[in-house]
2 protein chains.
Amino acid sequence: MASEKQNTEIRQEQIAVAALKIIGRHGTRALNVVRIAGIVGLVPSAIYRHFGGKDDVIDAVLELVRKRLRANVAAVAAESRDPLEALRLLVDRHITFLCENDGVSTLIFSDQVYSGPKKRKVRIYGVINDYLQEITKLVRDGQEKLFIRSDLEPAAIAVMLLGLVQSPAILWHLSEGTFAVQSQTEQAWQVFERAIRGN
Amino acid sequence: MASEKQNTEIRQEQIAVAALKIIGRHGTRALNVVRIAGIVGLVPSAIYRHFGGKDDVIDAVLELVRKRLRANVAAVAAESRDPLEALRLLVDRHITFLCENDGVSTLIFSDQVYSGPKKRKVRIYGVINDYLQEITKLVRDGQEKLFIRSDLEPAAIAVMLLGLVQSPAILWHLSEGTFAVQSQTEQAWQVFERAIRGN
DNA sequence: CGATGGTGTGAACGCGCATTCACATTGTTT
DNA sequence: AAACAATGTGAATGCGCGTTCACACCATCG
């Protein structure tokens, strides 16, 4: 019944993806090595061939999230013609990302965060800050090109944008998909855009 | 070393408060009967005189949160002269509430939510919806009195308001109090108010 | 061909923690 | 005063789960 041998790098990737999937579907509490191993097709102890322990796996998941967030920003920057449109596209992508991976929200608040090494909290803050930083760049760019009012701090706009999406996402997955996340985000974006658009 | 006997109702209150405090300071993972009992001044097994189990304790914490959120809305409604001012006061109160009780944010996303009985998720959704409902009332009132644009759905405004506060709160407690939550909320409110204020 | 290192396996250990139970204490009712 | 219900105590139980370890397999290198 032995699984085929795989390179550690591949396994690490598989394990991180599996972990994120578990967190998304069943919450961080359901994240245990048995389940992870099950998805990857390994025996629990095999996990320790590729990671020092559960904590390291969680760190890997965080890096995965960081990558995907970065990829989203890069994508919208490429697709759009102006920064304001880019922000709108980012809102769409971000909400989709959060809805498809409930785990992202839960991981950030997870007890795993607070129980783990203190570095954990710092690391999560870093991931979010990275993301905010990139959004801030978009905003600043929009201000320079006069698409966005320049009497507002770019960083503050970025945080607002995050909040715009976060609440609907929470409500969506608490409501088991009942909450009209699409409509809510749509309206919120319009209000938001009117408030920040350059005159 | 025996504690004085107390009425079950009093104990239930004490236990819920203790639990919320633990969640806030150390995360939901640190929420165990030993710790709760320690704070209340009881022996672990005594908890079971007042609650059926840990799950019931968590439910009690949720009710505690519901009460406090309701109290906040009632307070600002009483303090303010117009609905728009009420909303601004509510933002202040809500951010304070979230910062003082980190536990509220963590509890909502907690694995405990997803692991517990399915009713748990519904219950949390209910708590938030209650709160949203009350905010929506304020908004609608503001629209009728022409303080708020009436071409916007009251419920959508309410959700936006929540998002306005939530992100800063998250960043604040991830950053260990470094993040300038006050300044952020201030700016966000101004942008938001300009967007929704009746012409 | 033998050695070595990387990967997978199954069993076992140990800890944290929720829960239970028999017993003690206190307050109230009859 | 006796009986009973409510509350508090300490010990014991049992489970989930992270982690470790000795062993097996297999590729690559010398």
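So you know, we letter chains A, B, ... as the sequences are listed, proteins then strands, and number each from 1. All of these numbers come straight from a predicted model, not from anything done at the bench.
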Chemist: What N/O pairs connect the protein and nucleotides 26-30 of chain C at under 3.5 Å? Give each pair on its own line.
Modeler:
from	atom 1	to	atom 2	distance (Å)
C:dT26	O2	B:Lys5	NZ	3.0

Chemist: The criterion is side chain to side chain contact (heavy atoms under 4.5 Å, CB included); which residues satisfy it with A:Gln6, sequence neighbours excluded?
Modeler: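 Once residues adjacent in sequence are excluded, the partners of A:Gln6 under the side chain to side chain contact (heavy atoms under 4.5 Å, CB included) criterion are A:Glu4, A:Ile10, A:Arg11.
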Chemist: Which residues in residues 6-18 of chain A have a heavy atom closer than 4.0 Å to any atom of DNA chain D?
Modeler: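 Per residue number, the list is empty: none.
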Chemist: B:His50: which residues meet the ring-ring contact (aromatic ring centres under 6.0 Å, His included) condition with it, sequence neighbours left out?
Modeler: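 ring-ring contact (aromatic ring centres under 6.0 Å, His included) check on B:His50 returns nothing, list empty.
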Chemist: Specify the separation, in whole Å, of atom CD1 of A:Ile47 and atom P of C:dG10.
Modeler: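 That distance rounds to 14 Å.
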Chemist: Run the side chain to side chain donor-acceptor pair (under 3.5 Å) test against A:Tyr125 and tell me which residues pass, sequence neighbours left out.
Modeler: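 Expected list: none.
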Chemist: Among all residues two or more places apart in sequence or in another chain, which pass the ring-ring contact (aromatic ring centres under 6.0 Å, His included) test with B:Trp172?
Modeler: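 Applying ring-ring contact (aromatic ring centres under 6.0 Å, His included) to B:Trp172 gives none.
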Chemist: Considering only distance and modelled atom types, tabulate donor-acceptor pairs under 3.5 Å from the side chains of residues 155-165 of chain B, sequence neighbours left out.
Modeler:
none

Chemist: Tell me whether the centres of the aromatic rings in A:His173 and A:Phe179 are closer together than 6.0 Å.
Modeler: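 Ring-ring flag for A:His173/A:Phe179: false, centres at least 6.0 Å apart.
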Chemist: I'd like to check the side chain to side chain donor-acceptor pair (under 3.5 Å) partners of A:Asn101; sequence neighbours left out, ordered by chain and number.
Modeler: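 None.
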Chemist: Between B:His50 and D:dG8, is there a side-chain N or O to OP1/OP2 distance below 4.0 Å?
Modeler: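 Checking B:His50 against D:dG8: at least one side-chain N or O falls below 4.0 Å of OP1 or OP2.
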Chemist: Please tabulate, one pair per line, all N/O donor-acceptor pairs under 3.5 Å involving side-chain atoms of residues 66-75 of chain B, not counting sequence neighbours.
Modeler:
from	atom 1	to	atom 2	distance (Å)
B:Arg66	NE	B:Asp130	OD2	3.2
B:Arg66	NH1	B:Glu63	OE1	2.9
B:Arg66	NH1	B:Glu63	OE2	2.8
B:Arg70	NE	B:Glu134	OE2	3.4
B:Arg70	NH2	B:Asp130	OD2	2.8

Chemist: Whole angstrom is fine here: how far is it from CZ in A:Arg49 over to C1' in D:dT19?
Modeler: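 Rounding to the nearest Å, CZ of A:Arg49 and C1' of D:dT19 are 12 Å apart.
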Chemist: Taking only residues at least two apart or on different chains, which pairs with a member in residues 160-170 of chain A satisfy side-chain hydrogen bond (donor to acceptor under 3.5 Å, both in side chains)?
Modeler: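 side-chain hydrogen bond (donor to acceptor under 3.5 Å, both in side chains) check on residues 160-170 of chain A returns A:Gln166-B:Ser167, A:Ser167-B:Gln166.
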Chemist: For B:Phe147, which residues count as a ring-ring contact (aromatic ring centres under 6.0 Å, His included) partner, sequence neighbours excluded?
Modeler: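 ring-ring contact (aromatic ring centres under 6.0 Å, His included) list for B:Phe147, sorted by chain: empty.
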Chemist: In the 5'-to-3' direction, what one-character label does each nucleotide of nucleotides 15-20 of chain C receive under the scheme B = base within less than 4.0 Å of a protein heavy atom, S = sugar-phosphate only, - = no such atom?
Modeler: --SSBB
